[in-house]
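Worksheet: one structure, shown below.
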Amino acid sequence: MEEIVIAVLAKIAECTVQPVGRWLCYSCHYKSNMEYLNNQEMRLRDAQKEVERKVKTDSDNGNEIKDNAKMWLEKVDNIIKKLGGGEEAESRNSNPSCLNLKQRHQMSRKAKQMVRNIAKILEEGKFVDGVSHCPAVQDRVTPRNMDYMNFDSRISITKRIMEALGDANINKIGVWGSAGVGKSTLMKEIFRKAKEESLFDEVALANVTESPNLSQIQEEIANMLDLKLDPNCKTEMVRAGHLRARLEKDKEKKILVILDDIWKRLDLEEIGIIPSERCKVLLTSRDRHVLASEMVNEENSFKLDTLGEEEAWKLFEKMAGDFTKEDLDLRNTAIKVAKACGGLPIALVTVSRALKNKNLRIWKDALVQLTKSTPEHDTEIWSPVYSCIQLSYNHLVGRELKSLFLLCAQQGYYISYRDLLRYGFGLRDLLRYDFGLCLFRGIDTLDETRNRLENLVSKLQDACLLLQSPRSSEEFYMHDLVRHVATMIASDDDHNMFVMRGDGGQKAWPDVDSLKRCEALSIHDGDHIHKYSNKIECPKLRYFHVQCKPRYLKTPSISLQGMDKLEDIFFQGMDKLEVLSLTNIQLSSLLPLTNLQTLCLDGCELGDIHWIGELKTLVILSLTRSDISNLPREIGSLIGLRLLDLTDCSKLKVIPPNVLSSLVKLEELYMRNIKVQWEVEGPNNEGKNASLVELKKLSYLITLEIDIEDDAYNLPKDLFSKELERYKICIGHIRDPYYRYRGEEAGFSRSLELALNMSNFQLDFGIKMLLKRTEYIYLDESDNTKSVLYELDREDFQQLKHLHILHSWHLPELRTSFKNLKVLRVEDCEKLRFIFSSSIARGLSLLEKLKITRCNNVGAIFVKGEDGIEEAGDLMLFSRLQTLHLRDLPKLVSFLSTRETNSEGNGHDLQVPLLHHQLSFPSLKKLHLQHLPKIKHVWSNVNGCESLKSLKIEDCGVMEEIVAREDGTDPTTRFLFPSLTLLSLDGLPKLKWFFQGVRTLELPSSKELDEQGGTLFGIEEDELPSTSIQKLRVLELNNCEKLRFIFSSSIARGLSLLEELEITSCNNVGAIVVKEEKDGIENGDVILFHQLQTLKLDDLPELVSFLSTRSSFMTDCGQIIGEGNHDLHMPLLHHQVSFPSLQTLCMESLPKIKHIWSCGQEPKTFFKCVEQLKTLWIKNCEVLEEIVGGGGGAGAVARTLLEFPRVTNLRLENLKRLKWFYKGVHVSKWPMLEEIWIRGCEKVEIFASGVVSFEETVEDRPSEMSIKQPIFLVDELSFSSLKKLHIWNMHKLEIIWQDQVAASSLLVCGIWNRKKKKEAETPVEAPTEPESYMKEQEDNKNKSDSPVEAPMKPDYKKKETEASTGPESSKKENPEIIRG
């Protein structure tokens, strides 16, 4: 019992004493706990500052702050808030003696707990691994390059590249272009778009450069993919393995790798890249050949071209800054500088930035530097441009390729393949002279030279150092800056090649020392180069070229003795000359030059050239277009001659016998367009001319160009050898000689023209052999000649690509195959009823162009035979046809027809479309139809015309709509022309709409309106959607009398790319755009024609406004138009239509238009429309009273500013009611206006008056009737650029310049008035220059360069200058020139 009591007491003591002790302990240690807490708080604050410092530093360095660091700072912030404020802080700062025991206990206990917490947080805040980490490269936001401009050309290629990247079947894409064209900039944009549009999960970009370092490339790609490569690993193969593993790690991720600036083939596997559907590679290079070596297919390789002129100027203007807009002279110079940059972005950016904020003199100096290639250039401007082009030159492989590049720089703007061949062959094997040019070494024949040249030219084109000419496949050209750099490289001490250009380049002769070391010298436009004053010493010269203008283009100059006349003494001291090319020069002799290999005397006046026989070393001789009449016999002694060119020697009549046959080594002979009467072969032939049979003796001849007109009856048998590789042969008289100058045959190496106007012409073996191999055939057959096409077997036209047939009367079921035919033209075949059968048509799988013209009996192009397509579902596919031109075919009813229908001639009653649903043209780009009087509509189903870009239809009198819905067609079918850019409709008097559709829901009033006229592009239940013609750029309409409107407002809103709109002689058009009720266009909405640059409206008698409502034209609404009510008060260019890019505005014969713009309701729209306007012509608008309406009249004293900042040409003609430009107090400014024509504006009394004086007049005269307002109210800067003012037939004009406001820049002021009784004799439409004005101009031009004087600053104020209106002047018949 006792033990139990003791145990209970002990337990009670334990449960009471220990807690009491701990309770007393907190109270006893209150002071020390508080001190510990204060110390920990200080440590915590210090730690917080340190972590915050690290966070700020790392954040500034672009690193991402770790989440635990952010959370730690939040915890610390909360603790410090608790410690630093409120009751907690107040209690801690209290005097302990003032606290009771309980308070001391509570605070001490809490302080100890907080000390523990702070200690834990301090431990967490050490952040051994740092407070941040580098963000994943793919997560970084790639900002848009602010200098990048989204031009149409760049948008187009970017879209095509992105489409290729999205194609699952393509894993490698290439982009190539010349140096500085913007490939790297484009790649950065592709990089940004690929990430922004989430096309790829990850994108990596690496710059390869001309000296690729695989390790560096691998490192760049790895960094982009957040892959850490071992820096100690020096083995590229191992690093490639790591990179490949990273690229292939996640099978779901799509990765794009961009390799920029490749100079030679890269082994992608060595880098660690294996292209696949999931991992795609985009490569860029200056050289197309490099991309081809990377197995990039041609269709996946995109060329990046230089910028067009407009885009180039926009980029240049942005880089140069707005200051170019302020000074007109500087702006004009800046435009020339931009043009000199040739659209090359690196030049545009470099030059514009270098010239920014510079004065006019520096700009002019820069222009000289850009147009004259001299070594001494401003490095700030030239260094980046020069270095990037020279780098391309340095990477050309081989001395021969570099030599050809430098030889190209010696030529004119267009570089002829023919000239390169002839010059290069003459310069071959010149290493023995240590010549700067090394071409065609070891080559013996012209054929071998041609092959080598083609290879070298291809390499220069691939490197973008040589560009294909748009004029001919036989010509090339260099970018201007590339040519300048090439010229500078050629002129250094290693090459000693110089170029002089009288057309704006270097005109000064090289100094004496330079001439002595000169090895090649070219002079272009030599008429403007002074002939060298002393004897020229060029002992090392091997190549000399002088080109002058043709005689008919020369302008006589007394002060300049040019290079167009040279004597033999000029060539002394040129003993080593190998190549001499003189063009359009009068020449006496070349006797000193006994070492010549190539001599070209094109277009020269030669006279007697018997001396030419002394030039025994000649291998190439060209006398094309020269004035020789007799070919010298001495030419027969030039037995080493390989090429003779007599093309276009129009005076040449005699070629002595045995001259041609003596040239036993001749490989190429050119004799087109000469009039030689060839002698007939015979045993006793001793005529004065050669016989054609001599050609058979030229065993090495492989190229022949010859015209045989009058001698076609007497062709020697088997004249033409099977050894001919290239030939252009014409037999017979060509009725249309001008077709040659259209360049039809230029692109073909083997062409044959047969004008067989005789019935007894027989094809011998030689001609048949040529026909089998020819690529181009021009066949003109008379009515009684059996077609030569019958005389050949089925396989005889395997190489034919272009067939041009004229005057053939029968082309029925030919056995012949035309499987390679690309172009077919048939003209003037009066008796043909169809061209080919459908069986032949099926074989035309490569046909690209088809043109049928003036075949009066053709009812169908192709006719179905018994084996033809009879089933409705059978389709005839022309998969490659791009151009279809049908013209002057009065009986044509359809493209494809049955033989029965075609023979019966009742096709018109069938009303089938021209191109019905059994035909497909998926590649068709151009469709031109002209004078097809039986065609009512073109299509019934346009599915398959997605590629159509140009559609022209002219003089189809019964055509009612372009697309007609055919029976059985799905009524929900949408008819789209997604690629159409040009639409021209002319002479379609019955056309009401492009596509009518099925109109089951029409209102009676709508039907009534359609009887009056239709809407070309409307939006009805089943009509064209608003996106159907969204790429349209040019629309031309003429003589479409049934059209009432052109667009519905819904369609108009989709025409964001429209650039040119021309509507003429559409007598029923009341508005261009019509607002439909369901379109929902509100009064505040604006239809924006963002790209429209040209607007021409002519001869539209019913036009009242550009935009109107359909209800305004209903006959039950007062017949607003029909009754000629002009009280609509609507401006032509409505405030709800905007043209911010408009540059040309021409309006003529609009009898219901009272004013063009309104400045009242929406002035912002008006000002926006004229910002870019350059040309403003308004003619024959009978009721036009003012150009800009909405003015308050003379009584309104608030001055309005009307500024046309870019207009350069203004014409106001025959505006009989025009009184002023804008009614009321205003000032009009025309800072760039250079020329004004004002004619027949009968109510104009004052041309221009000062606005200040007019304001004073308004204040003094409250009655508006007594105030004469001029057509222009101006200040001293309004016409700051005006140079010419022409005033015609202004019989009420009293004052021209009032109040000393004449334009200080005015050079010419012409006034021409006739007596009123003779006004009718003056043709309104032909404002020819006044006779005395022209004579005055000519007299001043002959006297000096000064222009005609004009009233610079009249010394009168408010003085009336009579302008042929007084009694004396009215008697004058001739115009007057008003002088100051």
Side-chain angles (χ1 to χ4, degrees), residues 309-338 360 363 1059 1086 1088-1095 1131-1133 1135 1137-1147 1155-1159 1162-1178 1186-1191 1199-1212 1220-1222 1225-1238 1248 1250-1251 1271-1285 1301-1306:
E309 188 173 308
E310 184 177 346
E311 292 181 344
W313 171 246
K314 287 181 179 177
L315 176 61
F316 191 90
E317 189 177 35
K318 178 181 179 180
M319 296 296 108
D322 293 338
F323 84 103
T324 57
K325 300 177 182 178
E326 300 169 359
D327 186 328
L328 184 61
D329 290 336
L330 192 146
R331 182 179 181 83
N332 291 334
T333 304
I335 292 173
K336 294 177 182 177
V337 171
L360 180 59
W363 278 86
E1059 296 177 356
V1086 175
L1088 181 65
F1089 290 86
H1090 184 70
Q1091 298 289 342
L1092 192 69
Q1093 298 177 19
T1094 301
L1095 176 60
L1132 173 63
L1133 303 182
H1135 69 275
V1137 185
S1138 180
F1139 311 97
S1141 301
L1142 192 64
Q1143 296 182 15
T1144 300
L1145 178 58
C1146 298
M1147 293 155 291
H1155 48 276
I1156 310 302
W1157 293 282
S1158 175
C1159 195
E1162 288 290 338
K1164 289 184 179 179
T1165 304
F1166 161 68
F1167 293 126
K1168 196 73 175 175
C1169 285
V1170 300
E1171 280 184 352
Q1172 304 297 325
L1173 194 64
K1174 295 181 179 179
T1175 300
L1176 177 59
W1177 288 11
I1178 308 173
E1186 54 190 344
I1187 310 299
V1188 181
R1199 184 188 296 184
T1200 302
L1201 173 63
L1202 300 180
E1203 184 170 11
F1204 294 78
R1206 296 178 186 269
V1207 172
T1208 59
N1209 188 289
L1210 173 64
R1211 287 194 177 211
L1212 305 174
W1220 42 67
F1221 201 89
Y1222 174 78
V1225 178
H1226 71 282
V1227 59
S1228 63
K1229 288 184 177 291
W1230 309 77
M1232 298 184 71
L1233 184 62
E1234 296 180 356
E1235 186 172 18
I1236 298 178
W1237 287 75
I1238 181 167
V1251 64
I1271 190 170
F1272 294 108
L1273 278 173
V1274 298
D1275 59 19
E1276 63 276 4
L1277 298 177
S1278 289
F1279 294 125
S1280 57
S1281 302
L1282 187 64
K1283 294 180 173 61
K1284 295 181 180 180
L1285 172 61
V1301 295
S1304 60
S1305 59
L1306 192 64

Practice problem: Spell out, as yes or no, whether a donor-acceptor pair under 3.5 Å connects the side chain of Ser1141 to the backbone of His1090. | Solution: yes
[X]: partners by side-chain contact (heavy atoms from CB on, under 4.5 Å), with sequence neighbours left out:
{"X": "Ser1278", "result": "Val1227, Lys1229, Val1274, Asp1275"}
{"X": "Thr1094", "result": "Glu1060, Lys1096, Thr1144"}
{"X": "Leu360", "result": "Asp329, Leu330, Thr333, Lys364"}

How far does [atom1] of [X] sit from [atom2] of [Y], to the nearest 0.5 angstrom?
{"X": "Gln1093", "Y": "Glu310", "atom1": "CD", "atom2": "CD", "result": "5.0 Å"}
{"X": "Leu1173", "Y": "Thr1208", "atom1": "CG", "atom2": "OG1", "result": "9.0 Å"}
{"X": "Leu1233", "Y": "Leu1210", "atom1": "CG", "atom2": "CG", "result": "6.0 Å"}
{"X": "Ser1228", "Y": "Ile1187", "atom1": "OG", "atom2": "CD1", "result": "11.5 Å"}
{"X": "Arg1211", "Y": "Ile1238", "atom1": "CZ", "atom2": "CD1", "result": "12.5 Å"}
{"X": "Leu1202", "Y": "Leu1273", "atom1": "CG", "atom2": "CG", "result": "9.5 Å"}

Quiz item: Is it true that Glu317 and Arg331 have a side-chain N and a carboxylate O under 4.0 angstrom from each other?
Solution: yes
Quiz item: Taking the six-membered ring for Trp, are Tyr1222 and His1226 parallel (under 30°), tilted (30 to 60°) or perpendicular (over 60°)?
Solution: perpendicular
Practice problem: Check the angle between the aromatic planes of Phe1279 and Trp1230 and answer parallel, tilted or perpendicular using the 30° and 60° thresholds. | Solution: parallel
For [X] and [Y], work out which heavy atoms get closest and say how close.
{"X": "Ala320", "Y": "Trp363", "result": "CB-CH2, 4.3 Å"}
{"X": "Met1147", "Y": "Leu1132", "result": "SD-CD2, 3.4 Å"}
{"X": "Pro1205", "Y": "Glu1171", "result": "CG-O, 3.5 Å"}
{"X": "Gln1172", "Y": "Pro1140", "result": "CG-O, 3.3 Å"}
{"X": "Pro1231", "Y": "Ser1280", "result": "O-OG, 3.3 Å"}

Quiz prompt | Donor + acceptor pair across side chains of Asn1209, Trp1237 (<3.5 Å) | solution = no
With sequence neighbours excluded, tell me which residues meet salt bridge (Lys or Arg N to Asp or Glu O under 4.0 Å) with [X].
{"X": "Glu311", "answer": "none"}
{"X": "Glu309", "answer": "Lys339"}
{"X": "Lys336", "answer": "none"}

Practice problem: Please report the C-alpha distance between Leu1176 and Ile1156 in whole Å, then the side-chain angles of each, then the deciding distance to 0.1 Å, and finally whether the side-chain contact (heavy atoms from CB on, under 4.5 Å) criterion is met. | Solution: CA-CA 11 Å; Leu1176 177 59; Ile1156 310 302; over 6 Å; no
Self-check item: Check: Leu1142 and Phe1089 side chains under 4.5 Å, non-hydrogen atoms
Solution: no
